[in-house]
2 protein chains.
Amino acid sequence: MIPEGGAPIAQSASGNGTDRQEASLHGEILLRLRDYVVEGNIPEGARVPERQLCEMLGISRTPLREALKVLAAEGLIELLPNRGARIRQLSQRDLEELFDVMAGLESLAGRLACEAITDEEIAEIERLHYKMYGHYLHRDMHGYFQINQRIHESIVAAARNETLRAAYANFAGRIRRVRYSANFARKRQRWAEAMREHEAILDALRRRAGSELSDILFEHLRNKRTAAIEHLAEAREATAATAAGG
Amino acid sequence: MIPEGGAPIAQSASGNGTDRQEASLHGEILLRLRDYVVEGNIPEGARVPERQLCEMLGISRTPLREALKVLAAEGLIELLPNRGARIRQLSQRDLEELFDVMAGLESLAGRLACEAITDEEIAEIERLHYKMYGHYLHRDMHGYFQINQRIHESIVAAARNETLRAAYANFAGRIRRVRYSANFARKRQRWAEAMREHEAILDALRRRAGSELSDILFEHLRNKRTAAIEHLAEAREATAATAAGG
DNA sequence: CGGCCTCATTTTGCATTCATTTTTTATCTT
DNA sequence: AAGATAAAAAATGAATGCAAAATGAGGCCG
């Protein structure tokens with residue numbers, strides 16, 4: 001007997017760019033669960049009872065468990081033996097490591113992009129850059145961040161390396177929930193720096209200076225990391241205090 | 001009823017460095033299957049009937065299928081809908097991409113290593129380097145390759161980034177079977193070049209010149225890639241000819 | 001004689017069931 | 001009353017059963 005209360009399955013969710021394997025229940029479930037987790041719909045460290053998810057998704061435990069195993073392999077959740085699944089709690093160290101790996105991958109993407117990028121693609125990135133500059137001038141954080149992400153994705157796409165793109169998407173998914181909250185909210189100085197770095201990125205890209213671009217991208221992401229970690233540490237302290245204080 | 005003909009389960013195989021999750025049947029199966037595939041015990045593109053694997057491993061299909069899903073997520077096998085698992089056939093393009101990603105990760109590892117590596121670790125790598133040089137002088141390919149791999153692993157270890165190490169191990173596993181056969185068998189010139197590059201790597205490492213080391217490592221791996229792809233293309237042509245010719 | 005269609009067999013996908021382990025709760029002891 | 005203990009409830013891990021899809025064989029038609 002299949003419970004019918006849950007959400008419909010068919011609507012393939014719009015995703016984070018990782019591999020899509022449609023049409024098989026567990027594949028569909030995987031996509032939906034991944035997005036669900038990545039979007040941050042479940043609090044960190046929270047237990048995820050299988051039964052509940054089954055009802056929510058309207059399926060039996062078998063395909064669900066298969067999907068959970070994959071998500072665990074991707075690093076999104078933790079699977080404690082005999083104790084079920086938990087949303088993976090990222091320690092500060094984990095985040096530092098993830099940011100560094102992302103930096104390495106983008107650095108690589110920039111280097112490869114210089115070998116293959118077309119003038120049209122560069123023009124498109126320039127267009128995004130100036131649009132982003134507009135958001136910066138208007139202090140529109142949300143718009144800025146969105147375009148910023150598109151620029152970085154464009155660079156990864158220009159690398160013409162599907163394996164790299166998939167790996168990048170995977171790591172991006174792991175830190176996505178943190179990344180959203182890890183902007184230089186009030187740090188205007190850092191924001192200005194980031195803009196300058198982006199100009200340098202564009203410049204190196206125009207000149208197809210792969211090695212140089214690689215360096216700039218790494219440093220850029222490194223600075224992002226520092227800002228994000230600081231921000232997150234403050235946020236966690238705050239929530240810890242709230243939790244403790246009542 | 002559990003068939004008892006198969007191999008015993010308990011012996012945790014020595015592995016490729018990816019995450020270990022012992023003690024749960026599917027975890028044990030995952031380790032064994034991964035090693036089994038990585039070692040190249042199954043020909044490329046071959047179908048792997050679940051039933052047969054179940055008998056071989058002495059388990060039911062449920063944990064096996066969970067393990068297969070994970071291996072597919074890791075990129076070691078392919079899971080065609082309703083058509084079962086195949087050992088993933090790596091196209092030449094796939095290999096190029098994989099080598100580039102490996103190059104990027106090692107490049108990153110070198111950069112990070114320069115920030116944290118101790119004098120003792122450098123000394124250890126130097127020791128390996130000279131040992132490798134000995135193998136080079138004696139034209140001992142196998143010994144050379146083994147030490148070479150240990151050097152690269154040492155650099156990754158020195159990066160002090162567990163996330164990076166796991167990703168590196170994953171990608172290394174995917175191309176392991178190819179890598180073994182992808183040496184500069186008769187190309188003595190390339191071998192000499194590789195030795196020179198290794199000296200440059202050591203030099204940059206001693207000076208903790210992260211950005212420079214990053215460049216050198218990338219180029220080093222890039223050259224390796226070229227050699228490997230060429231070698232593999234020849235090998236595939238040969239086997240194709242053999243298969244066609246009878 | 002070769003290509004196509006139909007049917008039997010095999011294999012995969014999923015649900016259900018059984019066995020263990022964990023977690024909770026109620027009771028008992030100190 | 002607090003802690004420990006044991007039984008009950010719930011959740012996980014694995015196996016089995018059933019339906020659907022794919023593969024292969026055999027016959028039919030051109």
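Predicted model only: the values in this text are computed from it and were never measured. Lettering of chains follows the sequences in order, A, B, ..., and the numbering in each one begins at 1.
Checking dC14(C), dT12(C), dA14(D) against every side-chain atom of E66(A), the shortest atom distance belongs to dC14(C). When distances run from any side-chain atom of R61(B) to the nucleotides dT12(D), dA15(D), dG13(C), the shortest one goes to dG13(C).
Formation of a donor-acceptor pair under 3.5 Å by the E66(A) side chain with backbone atoms of H26(A) is not found in this model.
Residue pairs meeting the side chain to side chain donor-acceptor pair (under 3.5 Å) criterion with at least one partner in residues 79-91 of chain B, sequence neighbours excluded, are S91(B)-D94(B). Sequence neighbours left out, the pairs with a member in residues 108-117 of chain A that pass salt bridge (charged side-chain N to carboxylate O under 4.0 Å, His left out) are R111(A)-D215(B), E115(A)-R222(B).
Rounded to whole Å, atom P of dA22(D) lies 12 Å from atom CG of L80(B). In this structure, L53(B) places its CG atom 12 Å from P of dT11(C), rounding to the nearest Å. Counting to the nearest Å, the P atom of dT11(C) and the CD atom of E55(B) are 10 Å from each other. In this structure, L64(B) places its CG atom 14 Å from P of dT11(C), rounding to the nearest Å. Distance I59(B) CD1 to dT16(D) P: 12 Å, rounded to the nearest Å. In this structure, L25(B) atom CG and dT12(D) atom P are separated by 18 Å, rounded to whole Å. Rounding to whole angstrom units, CZ of residue R51(B) and P of dG17(D) are separated by 11 Å. Remark: C1' of dT11(C) and CZ of R86(B) are 13 Å apart, rounded to the nearest angstrom.
Not a single salt bridge (charged side-chain N to carboxylate O under 4.0 Å, His left out) links E153(A) to another residue, sequence neighbours left out. Checked against side-chain contact (heavy atoms from CB on, under 4.5 Å), E50(A) has the following partners two or more places apart in sequence or in another chain: R61(A), L64(A), R65(A), L68(A). With sequence neighbours excluded, the residues forming a side-chain contact (heavy atoms from CB on, under 4.5 Å) with A159(A) are A109(A), L112(A), L164(A), listed by chain and number.
Summary of the strand contacts: S60(A) and A85(B) both lie near DNA chain C, and taking for each the nucleotide with the nearest heavy atom, the more 5' one is attributed to A85(B).
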TODO: At under 4.0 Å between heavy atoms, which parts of nucleotides 19-24 of chain C does protein reach? Answer with one letter per nucleotide, 5' to 3': B base, S sugar-phosphate only, - none.
DONE: --SSS-
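Judged by distance alone with a 3.5 Å cut-off, a donor-acceptor contact links the side chain of T62(A) to the base of dA15(C).
Phosphate contact (OP1/OP2 of dG13(D), side-chain N/O of R65(A), threshold under 4.0 Å): present. H26(B) has a side-chain polar atom (N or O) that falls below the 4.0 Å cut-off from OP1 or OP2 of dA14(D).
One distance of note links CZ of R225(A) with CD of E230(A); it measures 11.0 Å at 0.5 Å rounding.
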